[in-house]
Amino acid sequence: MNFKPLFNNILVERLEDETTTKGGIIIPDTAKEKPSRGRVLAIGDGAVLENGERQPMCLKVGDVVLFSKWGGTEIKLDGKDRLIMKETDVLGIIEE
């Protein structure tokens, strides 16, 4: 895949949530919500500030992040669903 987001945009791949609850109940596909957790695949160079300098990105490729439910734009790259979103749509980094 050759894709580089511009400015403060990132490319994210959704990570699937668990299909069973802790109690062992299987969640059917029709009851699942889209996951709001993903792995950063690519990042831009950062936003351009008023003085012409770039603001460095807080994220790096490989980070597992939690993002807002309605954040990002869904696209298909290499036949797979991906999200392009602003770095500010990310709520936090999940450290495993």
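All values reported here derive from a predicted model rather than from experimental measurement. Any value given below was found using the heavy atoms of this structure, including those in side chains, with hydrogens, waters and symmetry copies removed.
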Next on the checklist: Just verifying a value: how many Å separate Ile84 CD1 and Asp89 CG, rounded to the nearest 0.5 Å?
Outcome noted: 12.0 Å

Checklist entry - So how far is it from Leu91 CG to Phe67 CZ, rounded to the nearest 0.5 Å? => result 9.5 Å

Next on the checklist: Contact between Ile94 and Val65 at the side-chain level, heavy atoms closer than 4.5 Å - yes or no?
Outcome noted: no

Item to check | Heavy-atom side-chain proximity of Val40 to Glu13 below 4.5 angstrom | outcome: no

Item to check | Carboxylate-amine/guanidinium proximity below 4.0 Å for Asp63 and Lys60 | outcome: yes

Next on the checklist: I'd like to check Leu83 versus Arg14 (side-chain heavy atoms, cut-off strictly below 4.5 Å). Are they in contact?
Outcome noted: yes

Checklist entry - Given side chains that start at C-beta, do those of Arg82 and Glu74 come closer than 4.5 Å, heavy atoms only? => result no

Item to check | Residue pair Phe7 / Arg54, side-chain heavy-atom distance below 4.5 Å | outcome: yes

Item to check | Contact summary for Val61 and Leu41, nearest pair of heavy atoms | outcome: CG1-O, 3.6 Å

Checklist entry - Can Val48 be reached from Ile43 by stepping across I, L, V, M, F, W or Y side chains whose heavy atoms are under 4.5 Å apart? => result no

Next on the checklist: Counting C-beta onward and ignoring hydrogens, is there a side-chain heavy-atom pair between Ile10 and Met85 closer than 4.5 Å?
Outcome noted: yes

Item to check | Side chain to side chain, Leu15 and Arg39, heavy atoms closer than 4.5 Å | outcome: yes

Item to check | Residues that Asn8 engages under side chain to side chain donor-acceptor pair (under 3.5 Å), provided they are two or more places apart | outcome: none

Checklist entry - Is a donor on one side and an acceptor on the other found under 3.5 Å between the side chain of Asp78 and the backbone of Lys80? => result no

Checklist entry - Side chain of Glu87, backbone of Met57: donor and acceptor closer than 3.5 Å? => result no

Next on the checklist: Can you confirm whether Asn9 sits close enough to Lys86 that some side-chain heavy atom of one is under 4.5 Å from a side-chain heavy atom of the other?
Outcome noted: yes

